[in-house]
Structure formats: structure tokens, C-alpha cells
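Given the structure is predicted, the values throughout are model-derived calculations rather than measurements. The sequence lines fix the lettering, A, B, ..., with proteins before strands; numbering per chain opens at 1.
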2 protein chains.
Amino acid sequence: MNILVCDDDKEILDAIKIYLENEGYKVFRASNGLAALEVVEENEIHLVIMDIMMPQMDGLRATMKIREDKNIPVIMLSAKSEDTDKIMGLNMGADDYITKPFNPLELIARVRSQLRRYMTLGSMETKSNVYKTGGLVIDDECKVVTVDGDEVKLTPVQYKILKLLTANAGRVFSIDEIYEKVWKEVAFSPENTVAVHIRKIREGIEINPKEPKYLKVVWGIGYKVEKI
Amino acid sequence: MNILVCDDDKEILDAIKIYLENEGYKVFRASNGLAALEVVEENEIHLVIMDIMMPQMDGLRATMKIREDKNIPVIMLSAKSEDTDKIMGLNMGADDYITKPFNPLELIARVRSQLRRYMTLGSMETKSNVYKTGGLVIDDECKVVTVDGDEVKLTPVQYKILKLLTANAGRVFSIDEIYEKVWKEVAFSPENTVAVHIRKIREGIEINPKEPKYLKVVWGIGYKVEKI
DNA sequence: CTAATTCTTAAGAACTTCTTAACAATTAAC
DNA sequence: GTTAATTGTTAAGAAGTTCTTAAGAATTAG
């Protein structure tokens, strides 16, 4: 499996190369978007890891260019300071993204996950990012949530929380875990933020928020979306 | 969970040790990078907290060395004066970093977060987190207990006790042992707390709590869950 | 058989976690 | 720059859990 890593910081490039090679991947390097396009053109690349901020051609444009004629999974890299929402919005064609400083284990896991997905898809198919449990359906491509066919309007944060829980229906997430996954930073003071969003989500998706059918509390542990 | 703390300042070392031990972690210490490598080599370390500026071998090199053959999360420590951006860039392999002076709560939160990430990434496709004995099944991911297929509602403490006993079905645990493992602190005065919880658990999982099928007493020694 | 020990059980006080609403701060849209 | 929408904070009350106490039952040892 050949992976192209594209970043203008040589140290990061080297670090990622080491991690990936440890896992048995062959690693190609490029230090800007233009160089990346060349490498993709001339080699059989199976996955690209791409920084956003780079000289000459940034990662977003490069990703779009690559996507014009190849169907290769792309994982975006970005500093935490850059607004992740914006990245997600802009992120035309990226399959996943990771914020710096990143956890090498997470990088490996996401690489594996993307490769696995593309293998089974046999390429070219459109991926169906739809999560379902009972009458609750989340279409992640359209960013639309429906309950028994009726569309529910959720705000971005609400949407992310519900998607996390629904994509992993049955699994319980602690409040800290939810906070980390959605806000991408560590929570260390007891705040009520997540609880309030949970309440708002229930208002949207539950017929009777006091007796939730989908979004349930697991006392003393956290919240989960029931697997139905 | 074993944590290695590596810093040349003995006061910081001691302080961190105390915080971590309060949370139930076992703490190893090292005062420079070389010593750290030895400790990692000779013990099963699950996470490393590493200062950057140290004599003999600095934290960055030590982190890279550790990462060459082990997949252990590393949290970097650094004085605020050192440019954090540079650290982020350099941060070859560190999973997270904290600046001195640090907030103990933040330290704990980040440690927990890394261990959690590491666990879920590591177990992504390997262990299943399900414990079974006879008709008793504990799904630790969903925090759900079932007996012959029927869900049983348990409180967090009850759940933790039952999980401890079921994960080690057949083994007998003394009341003090159960107390220490679940509450993560030592028990001195003979209290009745555990016994009361045992009773409640039996009420939940046993058809007839007076003649328990799973959660049995071993007279004069403690309790166990029968291995079936 | 009796006493000592250990285990079981119940009830309620003390405590923690969750829900909810109202308001403040921030961000996006016009 | 004003307005609207979203997000975050606070605080009070509701709901649920844990711990303590105490009394009774079962088991062991002398």
C-alpha cells in the first residue's frame, strides 16, 4: 500500500513517515500541493495525507485537483487553531481530517479505516454516509436528520453530537468523551454544556423529551442513542 | 494503569506522582531521557509524561526512541517560555502537551483522555469488551447487563463490582479487594458497603437472591461469580 | 449446643448526577 | 452596525444513587 504524505514541515513529514513505515506502508513525500499532484500522477498512490497550509498550492486545492481524475482517499491535516468547522465545510473531497498535534495511533487507525473502506467499495461507488436506528435517520452527505420521515432542524453542534452517538448506536459516551470528540479539545472542569445540547437535541428528535426513545441517559456514565 | 513521569525537577516529579496516584494510577519516575527508556523497557508502561528540557537526553529524542518500538501515548511537558508553536511543530510523536505551570485537573483530564483514546484505538478490532458466564452477559461498551437475554438495570457501582467479578469469573475477591478495585482507595474500617451492593446486584441478576446462581459467597473469604 | 463470627436485608439520610429554564456571550447574516 | 441565531453559563430543583445503621439469619468453631 502506497501512501503520499504532503506537508511543508519536514519534521512532521519524517515523523509520519516513520509511523506509517512501522505499519508496513510504503511512503512517498511531497512538500507542497504541486509536488503532490506530480507524485500522484507518476505513482500508484492508494491514500493521501495532506496538510492544509502550504506554499505554492494549498491542500484544499490540491485535494480538489486530485479528485478530478482519481478516486483516492484523502485525509486532511490541520492545526487546531484553524477553524475546524471551516475546514469541514471547505473540505471538498477530503474523507477525514485530523488536527495537529495529532495522536500517531489515531493517524494509523484512520489510515487503516480509509483504506479498508475504499477496498470494500471497489472504488467508484458513492459512499452512503447514512446512519440509522429505528425511525431516526442521519444522512451525513446531506446533513439532514429525519425522524419517521419528518425532517428535524438541528444546529451544527447538535448535529455533530447526535451523529457521533448514532454512528455508534448502543455505545455509551461519557460527557467528557462527547466533548472531546465534538469540540476536539480536552475537558477538565465540570461544565454543563453538553447536557444542555443533549436537552436541545431531545427537543428536536423526541416526541416526548422527558421519556426519550432514542437519546437515553446512562446514569453516572453518560449518554447513548439506543440501537434499534 | 502504569504511568512513567520523566522530569529533572524532583518537586514536579513528586507533585505529579501524587496527583496521579490519587486517581489510582501506578507511577514510575525517571529524571532524564535515558532513564526513561530503561523504565519503559523493563516495565509495562501505558503512558509517559515527559519534560522536554532535561540533561543527558532530552524529551523529544527520548520520545522518538520510545516510539521506535512501542505504541505508548506520550504527553509532553514544557515551560511556558518555550515557544509552544515550535513544540507543536517539533512534536514528533507526542500525543499531547501541557505547559508549566499546569493545572492538576488539566493534567489528569489529558491523561485520562489519552488512555481512553489509546484503549479504544487499540481495541478497535481486537478485544470485544464482552464478559460472559452462563446466561450472564456484560457488554462493557454499551454498559448493558443481560441475564438469559433480558436486560438488567444496574447502578454504576453495582455495574463495576459485577464487571470485576465476571471478568475474573471463578476467582474469589475479598471485600477489601473489591473495595480497593472499585473505589480505588484502601478500606480500613470494616464497613458493610460492599455487602449492601452485593445484595442489590443479586436482586437484579438472580432469579432467587437467596439461592444465587451467579454471585456466590465464599464463606469467610469473599465473593465470586461462578464460572459456567 | 452455644457463642462468635460472618453474611443478609431493610430503611432512610446524605450525596451526586441529571434536567430544565432563563439569561449572557458569541458568532453569522443581513 | 444591527439583528437573528447559535452556543455557553448559571442555578435551582428533580431524580437517582450511595452509604450508614441496625437488626436478624446463617455458618463455623469450641
- prompt: Is the cationic atom of B:Lys26 (NZ for Lys, CZ for Arg) positioned less than 6.0 Å from the six-membered ring centroid of B:Phe28 and within 45 degrees of its normal?
  reply: yes

Range on DNA chain D touched by chain A - first to last nucleotide, heavy-atom distance under 4.0 Å: D:dT6 to D:dT17

field: Separation of C:dA25 P from A:Glu191 CD (nearest whole Å)
entry: 16 Å

Exercise: identify the closest heavy-atom pair between B:Glu21 and B:Val27: CG-CG2, 3.8 Å

query: If you look at every strand shown and take non-hydrogen atoms under 4.0 Å, does A:Thr193 touch a base, only sugar-phosphate, or nothing?
result: base

message: Under 4.0 Å, heavy atoms only, any strand: does A:Gln158 hit a base, just the sugar-phosphate, or nothing?
response: nothing

message: Taking CD1 in B:Ile207 as the centre, count heavy atoms belonging to other residues, nucleotides or ligands within less than 6.0 Å. Is the count above 12?
response: no

- request: Answer yes or no on whether A:Arg171 is positioned over the face of A:Phe173, meaning its NZ or CZ is under 6.0 Å from the six-membered ring centre and within 45° of the axis.
  value: yes

Contact residues, residues 204-228 of chain A to DNA chain D [heavy atom, < 4.0 Å]: A:Trp219

query: Once you round to the nearest 0.5 Å, how far does CD1 of A:Ile49 lie from CD1 of A:Ile12?
result: 12.0 Å

task: State whether a side-chain donor-acceptor pair under 3.5 Å links B:Tyr131 with B:Asn168.
output: no

message: Quiz question: going by heavy-atom distance under 3.5 Å, is there a donor-acceptor pair between the base of C:dT20 and the side chain of A:Asn192?
response: yes

Name the pairs: protein N/O against N/O of nucleotides 13-15 of chain C, kept only if under 3.5 Å.
none

- prompt: So, do A:Val48 and A:Ile3 sit near enough that their side-chain heavy atoms are less than 4.5 Å apart?
  reply: no

- prompt: Hey, what do you get for CG (B:Leu47) to CZ (B:Arg112), rounding to the nearest 0.5 Å?
  reply: 12.5 Å

message: Can you tell me how the ring of B:Tyr19 sits relative to the ring of B:Phe102, calling it parallel under 30°, perpendicular over 60° and tilted otherwise?
response: perpendicular

task: Report yes if a side-chain nitrogen or oxygen of A:Arg199 is closer than 4.0 Å to either non-bridging phosphate oxygen (OP1 or OP2) of C:dA21; otherwise report no.
output: yes

task: Indicate whether the side chain of B:Thr146 and that of B:Glu151 have a donor and an acceptor atom separated by less than 3.5 Å.
output: no

message: Under 4.0 Å between a side-chain nitrogen and a carboxylate oxygen: does that hold for B:Glu211 and B:Lys213?
response: no

